[in-house]
Amino acid sequence: MPNTAVAAAPTAPPLSLSEAMARTLARNPALEVFGFRQQALDGRAITANLRPAVSLDAELENFAGTDGTDNTELTVALSSVIEFGGKREARSALVNSERLLLDADRQVAALDLLGEVTRRYLQVLAAAESVALAGDAMRLALDTLQVVRARVTAGGAPMAEQRRAQATYTGAELRYRLSQQQLQVAERSLAAMWGDLDADFSISGGQLYRIQTIGDFEDYFARALQNPLITRFASEARVQQSQLRLAQSQTKADVGWALGVRGSNETDSTSLVAGIQLPLFSGARAQGEIQRAHAALGEVTAREERARLNLHTQLYRAFATHKQAALAVSQLRTEIIPTLSRALEETEALYRAGGYRYQEWVAAREELLEARWKLIEEATRGLLAGAELEQLTAAPLVFEATPTSQE
């Protein structure tokens with residue numbers, strides 16, 4: 001007799017999508033880098049807020065001439081720089097704007113992680129439902145084999161039909177085993193999102209068909225414009241504006257000063273010394289950096305416009321895919337699959353009574369199985385499109401009042 005063993009229902013604790021997301025945000029190393037970047041900005045903030053350093057200068061003159069040390073002069077002075085143009089404030093403003101950009105990058109990274117964990121969770125759903133369907137297909141093939149064997153034994157069918165039925169059952173059994181392996185791969189891939197390769201959990205494949213009709217595209221696009229993927233351009237523009245202000249502050253020359261005491265062995269006297277240093281042509285030297293900052297700011301604006309256009313295209317593609325899949329799932333569940341199920345029952349009854357040939361029975365069975373495989377495919381496609389919509393809008397889907405299908 002063929003091996004008819006089918007895996008029992010999973011006993012591992014169930015895992016919800018929200019729990020998978022929480023584990024990923026808490027343990028995925030991709031977010032740890034932002035802690036180090038934050039520490040680096042904290043260090044830069046300390047440095048940016050410092051005033052110019054004060055130096056202690058010492059100068060010894062005439063200590064090794066023909067007169068020995070009689071004419072030696074020692075000058076000890078303090079020196080520093082007085083900053084003009086608001087340079088210290090500009091440096092601090094640049095660091096603060098980079099903090100805002102870091103927060104935006106952290107939100108984008110978190111959205112990317114949540115989108116990826118959602119996709120992997122849905123792949124587990126699809127794999128679990130594929131295992132269930134492959135098990136049903138194997139049982140149908142076994143039932144067919146047993147009926148055909150009985151007819152062959154009774155002399156009502158040729159041995160060739162039994163061999164074909166046996167081959168069909170073997171193929172169905174192989175597909176079941178392969179679908180089990182694919183489920184294990186999908187589960188391992190999901191668990192890797194939070195770094196637990198030995199995680200023990202179960203996910204019900206029946207959740208795959210919870211796909212509903214969503215609202216209007218324009219509402220989703222308006223929400224998508226508030227996505228950190230777009231709003232981070234405002235933070236990036238603030239960084240470039242701060243870079244521009246810092247470059248413009250360089251047009252104001254800093255004044256160096258020195259104040260000290262000079263002692264002379266020759267006259268046995270001391271005196272105060274003072275000096276200033278004023279760089280020339282600071283405005284001209286800063287023009288290159290100002291031009292670079294202007295160009296960088298313009299580039300941010302251009303990239304933001306391109307991102308909006310790409311977002312519109314990507315969002316509409318996901319929106320249309322979701323609506324198409326929702327319609328397909330509804331029709332498959334409410335019309336096509338029930339009709340094919342009844343047709344299979346009638347065809348089987350007629351075959352048992354000798355009214356239909358083996359090929360007609362097999363064709364009816366394969367049409368039903370193909371429709372059920374198509375249901376898994378369309379449901380997976382629709383939910384993946386919904387996950388993309390949620391990632392692009394950074395918000396849950398908004399459903400219409402009446403769902404297209406019920407659990």
Side-chain angles (χ1 to χ4, degrees), residues 1-11 123-186 202-209 328-381 405-407:
M1 289 292 293
N3 180 11
T4 61
V6 177
T11 58
Q123 288 167 356
V124 174
L125 287 182
E129 194 65 9
S130 295
V131 169
L133 178 53
D136 289 346
M138 188 172 65
R139 284 187 288 270
L140 282 173
L142 177 61
D143 292 343
T144 302
L145 175 59
Q146 291 172 340
V147 172
V148 171
R149 182 184 290 118
R151 290 197 63 184
V152 170
T153 302
M159 179 58 69
E161 286 190 4
Q162 180 175 331
R163 293 192 178 97
R164 292 171 64 185
Q166 178 65 56
T168 300
Y169 171 76
T170 302
E173 186 179 30
L174 175 61
R175 186 168 190 173
Y176 176 72
R177 303 303 176 194
L178 292 177
S179 64
Q180 285 182 314
Q181 295 177 6
Q182 291 171 353
L183 174 59
Q184 293 174 358
V185 171
S202 63
I203 298 176
S204 171
Q207 302 176 59
L208 188 67
Y209 307 116
V329 168
S330 176
Q331 291 183 338
L332 283 165
R333 299 192 73 187
T334 61
E335 300 177 27
I336 299 175
I337 291 178
T339 301
L340 290 176
S341 296
R342 290 192 296 271
L344 177 60
E345 293 173 358
E346 295 169 358
T347 304
E348 180 179 357
L350 289 171
Y351 175 80
R352 289 175 182 270
Y356 267 4
R357 294 178 301 172
Y358 172 76
Q359 292 90 335
E360 294 168 329
W361 184 20
V362 171
R365 185 189 64 199
E366 292 303 318
E367 286 175 357
L368 174 60
L369 291 175
E370 182 64 28
R372 294 182 62 185
W373 286 116
K374 184 65 173 178
L375 175 62
I376 293 176
E377 177 186 338
E378 290 296 331
T380 303
R381 191 167 71 101
S405 61
Q406 298 291 338
E407 180 66 25

Next item on the list: Of all the heavy-atom pairs spanning Leu368 and Ile337, show the shortest one and how long it is.
Entry: CD1-O, 3.9 Å
Checklist line | Atom pair CD (Gln123) and CD (Gln182), whose distance is rounded to the nearest 0.5 Å | finding: 11.0 Å
Check: Can a salt bridge be assigned to the pair Glu370 and Lys374 using a cut-off of 4.0 Å between side-chain N and carboxylate O?
Finding: no
Next item on the list: Indicate the atoms forming the closest heavy-atom contact of Arg352 with Val147, along with that distance.
Entry: NH2-CG2, 3.1 Å
Check: Should Gln207 and Glu129 be marked as a side-chain contact (heavy atoms from CB on, under 4.5 Å) after you check the CA-CA gap, both sets of side-chain angles, and the distance that decides it?
Finding: CA-CA 9 Å; Gln207 302 176 59; Glu129 194 65 9; over 6 Å; no
Check: Which pair of heavy atoms, one from Glu367 and one from Leu340, lies closest together, and at what distance?
Finding: O-CD1, 3.5 Å
Notebook entry, point to check: Roughly how far, to the nearest 0.5 Å, is the OG atom of Ser130 from the CD atom of Gln180?
Noted result: 12.0 Å
Next item on the list: Supply the atom-to-atom distance Leu344 CG to Glu366 CD, rounded to the nearest 0.5 angstrom.
Entry: 10.0 Å
Margin query: I'd like to know if Glu345 and Arg342 make a salt bridge, using a cut-off of under 4.0 Å between side-chain N and carboxylate O.
Written below: no
Next item on the list: Compare every heavy atom of Ser204 with every heavy atom of Leu125, then report the nearest pair and how far apart it is.
Entry: CD2-O, 3.0 Å
Note to self: Distance check, rounded to the nearest 0.5 Å: Glu348 atom CD versus Leu140 atom CG?
What the structure shows: 8.0 Å
Next item on the list: Give the minimum heavy-atom separation between Ile336 and Ala371, together with the two atoms involved.
Entry: CG2-CB, 4.3 Å
Checklist line | cation_pi(Arg151, Trp361) dist<6.0 Å, angle<=45 | finding: no
Notebook entry, point to check: Tell me, do Val362 and Arg164 make a side-chain contact under 4.5 Å, heavy atoms counted?
Noted result: no
Notebook entry, point to check: Would you call Leu178 and Gln181 a side-chain contact if the rule is heavy atoms closer than 4.5 Å?
Noted result: yes
Checklist line | Any side-chain heavy-atom pair of Arg175 and Met138 under 4.5 Å | finding: no
Next item on the list: Can you see which heavy atom on Val148 is nearest to which on Tyr351, and at what distance?
Entry: CG2-OH, 3.6 Å
Notebook entry, point to check: Got a second to check how far Glu360's CD is from Leu350's CG, nearest 0.5 Å?
Noted result: 9.0 Å
Notebook entry, point to check: In Å, rounded to the nearest 0.5 Å, how long is the span from OG of Ser179 to CG of Leu174?
Noted result: 9.5 Å
Check: Could you walk me through whether Thr144 and Thr168 pass the side-chain contact (heavy atoms from CB on, under 4.5 Å) check?
Finding: CA-CA 9 Å; Thr144 302; Thr168 300; over 6 Å; no
